[in-house]
Amino acid sequence: MSSSNIDDAFKERVYTLIGSIPAGQVAAYGQLAKLAGFANQSRAVGRLLKNLPEQSSLPWHRVINSQGKISFPEESEKHFQQRRLLESEGVFFKNNKVSMKKYQWLENS
DNA sequence: ATGTTGACCTTAG
DNA sequence: CCTAAGGCCAACA
């Protein structure tokens with residue numbers, strides 16, 4: 001059988017979670033890892049996103065770090081791209097950080 | 001086989 | 001704002 005292991009389960013769950021992030025809201029790598037049942041695997045989430053196919057329809061831009069900041073380097077093209085996507089759906093930055101309230105959709109249920 | 005790094009981490013101080 | 005340390009692990013040299 002194909003390696004239907006932990007990695008695939010993790011990937012599956014994280015993808016689903018990311019897909020469920022409402023427009024105008026964000027989630028942290030660590031939050032997603034934890035919700036997927038793999039606490040302390042935030043970097044694995046990052047790795048997953050890094051390997052995400054370019055044509056993916058997942059709202060990858062809604063994933064930022066726990067400090068409210070975009071994890072790409074400040075002056076990078078990817079950083080601008082992500083920021084642009086977020087701002088286009090109403091997520092704005094003050095001092096390069098988004099309000100913690102943007103994570104609040106997770107606080108229900 | 002060993003050590004280091006990470007453009008997509010986190011918390012505490 | 002910054003540093004340090006914790007944690008986990010794939011990719012790299």
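For the numbers below, each heavy atom of this structure counts, side chains included, while hydrogens, waters and symmetry mates do not. Just so we're on the same page: letters track the sequence lines, and every chain starts at 1. Please read these numbers as outputs of a predicted model, since none were measured by experiment.
Between the CD1 atom in Ile64(A) and the CZ atom in Phe72(A) there is a gap of 12.5 Å [rounded to 0.5 Å]. Interatomic distance, NZ of Lys50(A) versus CZ of Arg43(A), reported as 11.0 Å (0.5 Å rounding). Distance check: Ile18(A) CD1 to Leu35(A) CG gives 11.5 Å after rounding to the nearest 0.5 Å.
Arg83(A) places its CZ atom 17 Å from the C1' atom of dA7(B), with the value rounded to the nearest Å. Taking atom CZ on Phe10(A) and atom C1' on dC9(C), their separation rounds to 11 Å, with Å as the unit. One interatomic measurement links the two molecules: NZ of Lys97(A) to P of dT10(B), which rounds to 13 Å at whole-angstrom precision. In this entry the distance linking CZ of Phe38(A) with P of dA10(C) reads 12 Å, nearest Å. A straight line from CD1 of Ile70(A) to C1' of dC9(B) spans 15 Å, rounded to a whole angstrom. Residue Tyr103(A) contributes atom OH, which lies 14 Å from atom C1' of dT11(B) at whole-angstrom precision. dT10(B) atom C1' lies 11 Å from atom CE of Met100(A), rounded to whole Å.
Using atom P as the reference point in both dA7(B) and dA5(C), the two lie 23 Å apart (nearest Å). dC8(C) and dA1(B) have their P atoms separated by 23 Å, with the value rounded to a whole Å. Across dT2(B) and dG7(C), the matching P atoms stand 23 Å from one another, rounded to whole Å.
With Leu17(A) as reference, Leu32(A) is the one residue of Val63(A), Leu32(A), Val45(A) to meet the side-chain contact (heavy atoms from CB on, under 4.5 Å) rule.
By the 4.5 Å heavy-atom criterion applied to side chains, Phe93(A) and Lys69(A) are not counted as neighbours. Using a 4.5 Å cut-off on side-chain heavy atoms (C-beta onward), Arg62(A) and Leu85(A) make no contact. Side-chain contact between Arg84(A) and Glu87(A): absent, with no pair of heavy atoms (C-beta onward) separated by less than 4.5 Å. Contact check for Leu49(A) versus Tyr29(A): side-chain heavy atoms found under the 4.5 Å cut-off.
Between Gln67(A) and Leu48(A), the one whose closest nucleotide on DNA chain B sits nearer the 5' end is Leu48(A).
At least one donor-acceptor pair under 3.5 Å links the side chain of Gln82(A) to the backbone N or O of His61(A). Judged purely by atom type and a 3.5 angstrom limit, Trp105(A) uses its side chain to pair as donor or acceptor with the backbone of Val26(A).
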Under 4.0 Å protein heavy-atom contacts per nucleotide of nucleotides 2-8 of chain C, with B for base, S for backbone only and - for none: -----BS
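Minimum interatomic distance between Gly19(A) and Pro59(A) (heavy atoms only, all atoms of both residues): CA-CD, 4.1 Å.
If you check every strand for non-hydrogen atoms under 4.0 Å, Ala28(A) touches sugar and phosphate atoms only.
Side-chain atoms of Phe72(A) lie closest to dA7(B) of the nucleotides dT11(B), dA7(B), dC9(B).
Remark: DNA chain C takes part in the stems B:2-6 with C:9-13, B:9-13 with C:2-6, each of 3 or more antiparallel Watson-Crick or G-U pairs, criterion distances under 3.5 Å.
Contacts between residues 50-58 of chain A and DNA chain B, defined by a heavy-atom separation below 4.0 Å, involve Lys50(A), listed by number.
Dense packing is recorded around CD of Glu89(A), with more than 12 heavy atoms of other residues, nucleotides or ligands lying under 6.0 Å away.
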